[in-house]
Amino acid sequence: MLDAFSLLFQWHNLLILAGGTALGIVVGAIPGLTASMLIALTLPLTFHMDPVSAVTLLIGEYVGGISGGLITAILLRMPGTPASIVTTFDGYPMAKSGRAQRALALGITASVAGGIISWVFLAGMSPSLARFALQFGPWEYFALVLMALVMLAVLAQGSLAKGLLAAALGMAFALPGIDSSIGQARLTFGSSAMLSGFGILPVLIGAFAISQVLRDASAPKMQTEKINMPKERLPVYRSDMNTHGANMMRSSVIGTWIGLLPGIGANIAALVSYSTTKQLSHEPEKFGTGHEPGVVAGESANNASIGGALIPLITMGIPGSVTEAILIGALTIHNLQPGPLLFQNAPEIAYGIIAAYLIANIFMLLMMWSAVHHIAKVVHIPRAALLSVILVFCVLGSYAVNNSFTDVWVMVAFGVIGLVLEATKMPLGPFVIGFVLSPIAEEQLRASLMMADGNVADILTRPYALLFLALSALTVAWPWIMTKISSRKGTGA
Amino acid sequence: MTATEVQAQSFPSEPIEVIIPFNPGGRTDTVARLLAETIESNGWLDQPMVVVNAAGGAGANAVNQMRRGEADGHTIIHWHHQALIAMAMGLGDFDLGDFRSIGYTGGGSPVWAVRADSEFETIEDLIAHLQAEPRSLVEAVGIGTIPHFVGGMFANAAGFETRYVTANSGSDRLRLLLGGNADIALFAASEFLLQGEDLRALVYFGRERLPDLPDVPTATELGYDVSWANPNWWLAPADTPDEVIEVLAGALEQAISDPDIVAHFNSNTLEPYWMSGDDALEQAESILEALNEVATTIQ
């Protein structure tokens, strides 16, 4: 490990890492451009680098890319990356009520805390954690995702009925495409462009960014929302350790754990820890109105999920996300296959990844902290100019996913849908969450049933799956239980 | 000099777009990028090859993108026999008639593997078990993908049946197998070799034994007429002129003979060879016929 650090401290590797992190932050902050896109684009550059430098660059971009998203999520209510969806829930209301500075400070601190806590797991107990997570089969995945869905539906802000309706609508939009359980086209209406369904990025950019652009454009007078950005330093207090320490710790552990499970990434980590934090809170009604723990929960978890996802990647060669699949591609080009043998065959790479992850988090802190004032100036740019630039990036980003113009039209359509939802007071959060989570839940449930020959009772043999189901049931029953308990107390007193 | 000759002489007049129907990072993507880079650095074509990814829709996205380009050789696809499976399954609105085959630049075959601690030491053990207790083992497959078809052809030939669990990528299959949630899965030989100690290969679907796996029998030598060699297949739109195809094929053939590329292929259990467009198409047609048969039994 020390060797890996000393290798990394060669000036050119540090420079590459810093460059990658900076690039990641900028790209992450722009709605429509994501870390995986950046990594795919810079992949050809790494062909000519030595393997350590190549990995260093990509890890920097990965960490920066997931972190940068919080800036635009807080200041403009446009998640720069899917991972910062939940940051818009409380970050933007905070910014609107004049606490932008504080929201950014908390977001950055939570990101770094998440990164470092998950690094401890990554460096300390990679192999045993990876072996444990490996036991999770389709039933466990299904139950876990169902738990996340239920928690989010029950805890959605505003009217429960409208929240559920929005979630159901999101689920409906996830249906078209190739049904992966039977390999047949479903609800594509004969269009080959619909075979891959609605892409997650075009939907997300549409629902959040385009709807915002449309909303502002249709406002009779372009009003510049006054978001105060006082010049003084970012406010972080000693007392924050007491107020937010436990939340950061818990959210980071949740993030690490979710990251550890292959196939579900940073956005789901943030959603689950957000809803858990809300669930455990004494004042759940404050979430969604600019409540500090909301920002902390999402940003700790999404960064922590990177460290978590690196665990199965380097110990077993199993990528946790698209970004990591590209990372594996980068390694195989250098004739290195991540997996149990990596620590024996190329320890400088295995430990290099671990060391680079820690240092990238520290760079991210330094850069975001010192540059956030400059980045935050975006709110002072005339809204019309800013929105047109963002619109360009949204179109570019949607197009770049598959080099397909269909995705751009999908993005525009979901912009309009987002606007309609807003107008009918249906919350965007559950809509997007239904869209993101239901395909995973469906696929895993059907895989479970396939495996069990259609026998639903097979789940009874899976203790972890049962635990998640029990927690979901408890979530639904919780309000009812609480009223029972309080009424009993009332009569007893 | 005819117009097409003039066109061929000036070809390529702009960068050649190579469309990959998968996300970056996989074998098809890596091979395309390596060959494109070798061709460019040796100046075997006057213009660079630009690799772009259009994943999703069982290849329909890539085919649609190819159709948007001109049929003049500046827009081509690098794919493999998943294309034939998409045709056999009736996904997408394309068939062999939409393409001109430029050729194969090598390829590789898969193995069927179980966990290293599995009770099954040989493929005969496994087949005997499945024949005695049908559907008693779980096979991790992506429904409608290569593992599904290769496994299906083998099961049809040997007369057994497994239960399926959905796993759409090699890493998903690895995860399910190692975690004990599946008993059997298909892997590219390179995936298997690099994974190392945790898996045991029972049967190889190449035509001859792989030097890296001398103890693993092929299905053919066990008496089952099942083999699968997944080629790196270069395709152009149907109306692309002969002269242009020749230029592209020439550059690709040179690239696959390059010592560095040969070394990379050998160290990744890929066979480096060149097969001309017509021969490749002929092979593809006969495989498609076999796939159409399997498709009716597994749909």
Side-chain angles (χ1 to χ4, degrees), chain A residues 36 39-40 43-44 47 131 133-140 177-185 188 190 192-197 199 262-263 312 316-319 322 325-330 332-333 335 337-341 401-406 443-444 446-448 450-453, chain B residues 19 23-27 29-30 33-34 37 51-65 68 85 89-94 135 138 142-145 148 163-169 171-172 174-176 178-182 190-191 193-198 264 267-268 299:
Chain A
S36 45
I39 290 177
L43 188 60
F47 292 175
R131 292 279 151 196
L134 203 54
Q135 297 169 12
F136 272 44
W139 280 122
E140 285 79 11
I178 291 179
D179 180 343
S180 67
S181 307
I182 51 171
Q184 298 287 321
T188 59
S192 65
M194 287 287 290
L195 270 180
S196 48
M316 291 178 305
I318 296 175
V322 176
I326 303 173
L327 216 54
I328 287 192
T332 47
I333 282 167
N335 280 327
Q337 176 78 0
L341 297 176
V401 186
N402 280 317
N403 297 301
S404 150
F405 222 79
T406 318
E443 185 179 323
Q444 297 300 332
R446 291 173 68 179
S448 317
M450 230 188 250
M451 199 171 81
D453 250 345
Chain B
I19 306 164
N23 280 319
R27 184 192 100 182
D29 182 65
T30 312
R33 288 178 197 275
L34 278 171
E37 202 190 297
V51 175
V52 297
N53 301 82
N61 286 344
V63 176
N64 285 338
Q65 193 173 337
R68 282 196 294 273
I85 289 181
M89 294 288 281
L91 293 167
D93 54 349
F94 52 86
R135 301 173 63 74
V138 177
I143 306 294
T145 66
H148 187 200
R163 296 205 311 275
Y164 290 148
V165 59
T166 322
N168 284 317
S169 66
S171 57
D172 279 344
L174 186 61
R175 169 173 73 77
L176 289 168
L178 292 182
N181 291 294
S190 54
E191 289 174 332
L193 280 171
L194 286 160
Q195 182 56 32
E197 71 232 38
D198 297 323
H264 178 89
S267 63
N268 282 289
Q299 259 181 16

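Letters A, B, ... mirror the listed sequences (proteins, then strands); counts begin at 1.
Taking the side-chain contact (heavy atoms from CB on, under 4.5 Å) definition, one finds that A:Ala447 meets it with A:Pro138, B:Val165, B:Thr166, sequence neighbours left out. Residues that satisfy the salt bridge (Lys or Arg N to Asp or Glu O under 4.0 Å) test with B:Arg135, not counting sequence neighbours, are A:Asp453, B:Glu161.
For the atom pair CD of A:Glu443 and CD1 of B:Ile143, the computed distance is 10.0 Å after rounding to the nearest 0.5 Å.
Only the side chain of B:Leu176 comes within less than 4.5 Å of a heavy atom of chain A; its backbone N, CA, C and O stay farther away.
Residue B:Asn181 comes nearest to A:Met451 through the heavy atom pair O-SD, 3.2 Å, listed as atom of the first residue, atom of the second, then distance.
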